[in-house]
Amino acid sequence: MPEGPEIRRAADLLAAAVVNKPLTDVWFAFPALKPYQSALRGTKITSIETRGKALLTHFSNGLTLYSHNQLYGVWRVVNAGDVAQETQRSLRVKLETTDAAILLYSASEISIYDTADIENHPFLQRIGPDVLDEWLTVAQVRERLLSPKFCNRQLGGMLLDQAFLAGLGNYLRSEILWLAKLLPDHKPKELNETERDALADACLSVARLSYATRGTMDENVHHGALFRFKVFGRTGLPCERCGDPIMKTSVSSRPFFWCPVCQV
């Protein structure tokens, strides 16, 4: 499943194609959403927002489309009128302007709310702060680590729980714990202040660096620091800190990669 940085980059591409342009066609596959087709034609998409791994498409008439890709959903940007995609996926949503169309395939979690009520969506009620929210601070993450809800949780499971920080996922979990030099069986309450600070900082810095630079070849981006996996998918390769081989195991039923020497 794509993680927060991938969802945010996808939203950026969608927004660049269609935001603030009148919709010439709107189509939904699900019968419950079809009554909204005529209501949305002629409106504009004012913004496309991410909340963790969910996408919120806001329209100028006060409606918001909620979508979550889950495992199989994917958005595509195509030229207007060019909706015949070579894919085995099922088209669920088409939002088209005179220039471009954005298409959602295979997703099952799709609904429409009044924008004023979107915060009442069950998923949005459950998740924690978005890890890519520019207003979220290391101090706030540290407070969450020490809160009654999370202080007694093992890090390996907690970092996959969207209630802790929305948008974190499996590759980010491995990279965060490597950067913080911690193993997944620790609990926040067992860490000393330095370790908690390092973990809180890594939660934000790893996710934000991935969003800002992953997939780019521009060596000047982010002061020359591009996102590269330090441990994820690097079984048997040397750790960049100590040189010992990276190991792989399973934590919370998901693959986990770590350095057995410099993560303690």
Side-chain angles (χ1 to χ4, degrees), residues 1-19 23 26-30 32-33 36 40 43 45-77 89-95 101-136 140-141 144 149-150 157-173 176 203-204 206-208 210-212 214 252 254:
M1 181 186 295
E3 302 181 25
E6 290 72 45
I7 299 297
R8 179 67 64 86
R9 285 197 300 274
D12 292 344
L13 292 174
L14 298 176
V18 297
V19 161
L23 292 170
V26 175
W27 181 87
F28 298 115
F30 297 151
L33 299 181
Y36 292 101
L40 291 172
T43 68
I45 295 173
T46 58
S47 63
I48 300 179
E49 177 187 2
T50 58
R51 298 288 187 88
K53 302 175 186 181
L55 212 66
L56 305 181
T57 303
H58 300 296
F59 300 95
S60 58
N61 66 345
L63 294 177
T64 292
L65 174 70
Y66 168 94
S67 63
H68 196 300
N69 286 6
Q70 300 291 350
L71 286 175
Y72 304 110
V74 61
W75 282 95
R76 296 278 187 258
V77 178
R89 299 174 182 271
S90 299
L91 183 62
R92 305 297 196 198
V93 176
K94 178 180 72 171
L95 303 173
I102 58 174
L103 312 174
L104 176 58
Y105 289 93
S106 301
S108 57
E109 295 288 330
I110 306 170
S111 54
I112 290 182
Y113 277 66
D114 287 335
T115 303
D117 297 328
I118 190 62
E119 300 300 333
N120 294 323
H121 189 286
F123 177 80
L124 300 184
Q125 289 280 304
R126 291 195 304 270
I127 63 175
D130 190 309
V131 70
L132 296 177
D133 183 346
E134 63 182 6
W135 301 108
L136 183 64
Q140 289 171 325
V141 175
R144 293 186 72 74
K149 187 173 182 178
F150 299 110
M158 185 195 73
L159 290 174
L160 297 182
D161 186 349
Q162 299 302 289
F164 174 59
L165 290 177
L168 294 183
N170 201 41
Y171 84 78
L172 290 173
R173 173 181 69 167
I176 287 167
C203 285
L204 297 187
V206 171
R208 290 171 178 178
S210 178
Y211 166 63
R214 192 175 175 209
S252 298
R254 302 290 301 280

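The model shown is predicted, which means the values in this text are computed figures rather than measured ones.
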Item checked: Test: Glu119 and Arg51 ion pair at under 4.0 Å ->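 The answer is yes: the pair qualifies as a salt bridge.
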Quick one: does [X]'s side chain get under 4.5 Å of [Y]'s, heavy atoms only?
{"X": "Leu136", "Y": "Val141", "result": "yes"}
{"X": "Ile7", "Y": "Asn69", "result": "yes"}
{"X": "Leu63", "Y": "Tyr113", "result": "no"}
{"X": "Trp75", "Y": "Val93", "result": "yes"}
{"X": "Ser210", "Y": "Glu3", "result": "no"}

Between [atom1] on residue [X] and [atom2] on residue [Y], distance to nearest 0.5 Å:
{"X": "Trp135", "Y": "Gln140", "atom1": "CH2", "atom2": "CD", "value": "11.0 Å"}
{"X": "Ser106", "Y": "Leu91", "atom1": "OG", "atom2": "CG", "value": "9.0 Å"}
{"X": "Leu159", "Y": "Ile176", "atom1": "CG", "atom2": "CD1", "value": "5.5 Å"}
{"X": "Gln162", "Y": "Leu124", "atom1": "CD", "atom2": "CG", "value": "11.5 Å"}
{"X": "Arg92", "Y": "Glu109", "atom1": "CZ", "atom2": "CD", "value": "11.5 Å"}
{"X": "Leu40", "Y": "Trp27", "atom1": "CG", "atom2": "CH2", "value": "14.5 Å"}

Side-chain donor or acceptor of [X] paired with backbone N/O of [Y] under 3.5 Å:
{"X": "Thr46", "Y": "His58", "result": "yes"}
{"X": "Arg144", "Y": "Phe164", "result": "yes"}
{"X": "Asp114", "Y": "Ala116", "result": "no"}

Next item on the list: From the options Thr57, Ile45, Val26, Leu55, select the one residue that forms a side chain to side chain contact (heavy atoms under 4.5 Å, CB included) with Leu65.
Entry: Thr57
For the student: nearest non-hydrogen atoms of [X] and [Y], plus distance:
{"X": "Pro5", "Y": "Gly167", "result": "CD-O, 4.2 Å"}
{"X": "Leu168", "Y": "Cys203", "result": "CD2-O, 4.2 Å"}
{"X": "Arg89", "Y": "Tyr105", "result": "CB-CB, 3.6 Å"}
{"X": "Ile102", "Y": "Leu14", "result": "CG2-CD2, 3.5 Å"}
{"X": "Ile48", "Y": "Ala15", "result": "CD1-N, 3.7 Å"}
{"X": "Arg173", "Y": "Asn170", "result": "NH2-OD1, 2.8 Å"}

Note to self: Side chains of Asp12 and Tyr211: any donor to acceptor distance under 3.5 Å?
What the structure shows: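 Yes, a side-chain donor-acceptor pair sits under 3.5 Å.
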Margin query: Looking at Tyr72, I want to see if its OH is surrounded by more than 12 non-hydrogen atoms of other residues, nucleotides or ligands under 6.0 Å.
Written below: no
Checklist line | Audit row: Ile112, Phe28, side chain to side chain contact (heavy atoms under 4.5 Å, CB included) steps and yes/no | finding: CA-CA 11 Å; Ile112 290 182; Phe28 298 115; 3.7 Å; yes
Check: Angle class for the Tyr66/His68 ring planes (parallel below 30°, perpendicular above 60°, tilted otherwise)?
Finding: tilted
Next item on the list: Check the pair Thr64, His121 against side chain to side chain contact (heavy atoms under 4.5 Å, CB included), reporting the backbone distance first and the verdict last.
Entry: CA-CA 11 Å; Thr64 292; His121 189 286; over 6 Å; no
Margin query: Would Ile118 and Leu56 count as a side chain to side chain contact (heavy atoms under 4.5 Å, CB included) here? Give the steps.
Written below: CA-CA 9 Å; Ile118 190 62; Leu56 305 181; 4.1 Å; yes
